[in-house]
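Starting from 1, each residue takes its place in the sequence as its number. Order of appearance sets the numbers: ligands from 1, and atoms from 1 within every ligand. Only a predicted model underlies this, so the values are computations on that prediction, with no experimental measurement involved.
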Amino acid sequence: MAASSRAEAASHSSHDGESYDRYELAYDVLDGLTRPFKELSSRFLYDKRGAELFDRILGLPEYYQGRAEMEILRQQGTLIMSFAEPDELVDVGAGSGVKTKTLLEAAGRTSGLRYFPVDKSLAMLRQCIQQMERDLPDLAVAPVQADFDSFDGSVPAPTRETKRLVTMFGGTLGNLLPGSRLRFWRKLAALAGPRGTLLLGVDLLNEDPQVTEAAYDDAAGVTSAFNKNLLQVINDRLEADFDVAAFDHLVIFDDANGWIEMRLRARHRCRVQIGLLDRSVQFEPGEEIRTEVSAKYSQQDFEREASWAGMQVRKWLTDSASQFALPLLTAGR
Ligand code: AVJ
């Protein structure tokens, strides 16, 4: 092997063809763990095991989001497609593509449509391509391997004529903090283009915060395992030595900010080595790490946010229990 390609192989993650560099991960982790209130990005939750655990979360009785979103897609698929009349479909964070498949099957339309599934995981993209080839063979699929920071350079820019539908399912927008969310809104608007439509998954504020809390702290403990797996990801990729069993899963609803947080709390004082960086981090008894923020919206909050990016909600589609929304947006005021 040539020296340059060896260096390349060493600096990239060994699993799943992820684009995120090991040293980028290492320093992001160190940044987060050396703050006065420790934080780790929720993007690190989704390694192979994390993705499997998230799949199990989607089937939990408490986690209504996935089912509610599928219900809207089945019920409103035709309306969504006739509103957007797309030639192109860009699916940000496509995963297995099951949501888009449901949308297209409900609308009964695939011909003349170009589908760009965007995902950071090659394994997910492969699964998505396979599923579409099997169930929607007419669909032209152009996969794009990119994460949320890099998709704008990887998907072709829309022209003034392009009729493009951009989807981001699951409520992922709510995982960004408001400052980054504003920047991300602008990227989504640019991706859709002047004649495009956005379809975004939005988890709604529940009158009863316990319903939301239960969705992130299920009785079977799957979300707890999902959260703790983050420490395992760090152990595996950064030669760290977190004692995963010494941390508890914790969920907090932050009323003022309108979001729910997942945290991990150290049971006792400990010191964690990060082998790759030859650094260590100290935890006090009860010290917490924030691992995820997930915003819960009212329709009004959401519309205000959309206007930051010059986008306007044209249709507000919800499930029958009004727990989740799939608004359709276009440019304009
Ligand atoms: C897929 C990122 C939207 O925030 O609800 C599920 C992830 N975290 N249970 C969410 C998640 C805990 C989920 N998103």
Could you grab the distance from atom OG1 of Thr212 to atom CG of Asn206, nearest 0.5 Å is fine?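 Rounded to the nearest 0.5 Å, the OG1-CG separation comes to 5.0 Å.
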Using the side-chain contact (heavy atoms from CB on, under 4.5 Å) rule, pick out the option among Lys38, His268, Arg267 that qualifies with Phe283. Lys38
Do me a favour and list the nearest non-hydrogen protein atom to [atom] with residue, atom name and distance?
atom                    : answer
atom 2 (C) of ligand 1  : Asn175 OD1, 2.6 Å
atom 8 (N) of ligand 1  : Glu292 OE1, 2.8 Å
atom 1 (C) of ligand 1  : Phe54 CZ, 3.4 Å
atom 4 (O) of ligand 1  : Ser294 OG, 2.8 Å
atom 13 (C) of ligand 1 : Tyr63 OH, 3.3 Å
atom 3 (C) of ligand 1  : Gly170 O, 2.9 Å

May I ask you to identify, for Tyr46, whether its side chain, its backbone, both or neither come under 4.0 Å of ligand 1 on a heavy-atom basis? side chain
Is it the case that the ring center of Phe324 lies less than 6.0 angstrom away from the ring center of Tyr64? no
Any side-chain heavy atom of Arg265 sitting closer than 4.5 Å to one from Ile289? no
Of the non-hydrogen atoms in Trp308 and Pro178, which two are nearest, and what is the gap between them?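 Shortest heavy-atom contact: CZ3-O, 4.0 Å.
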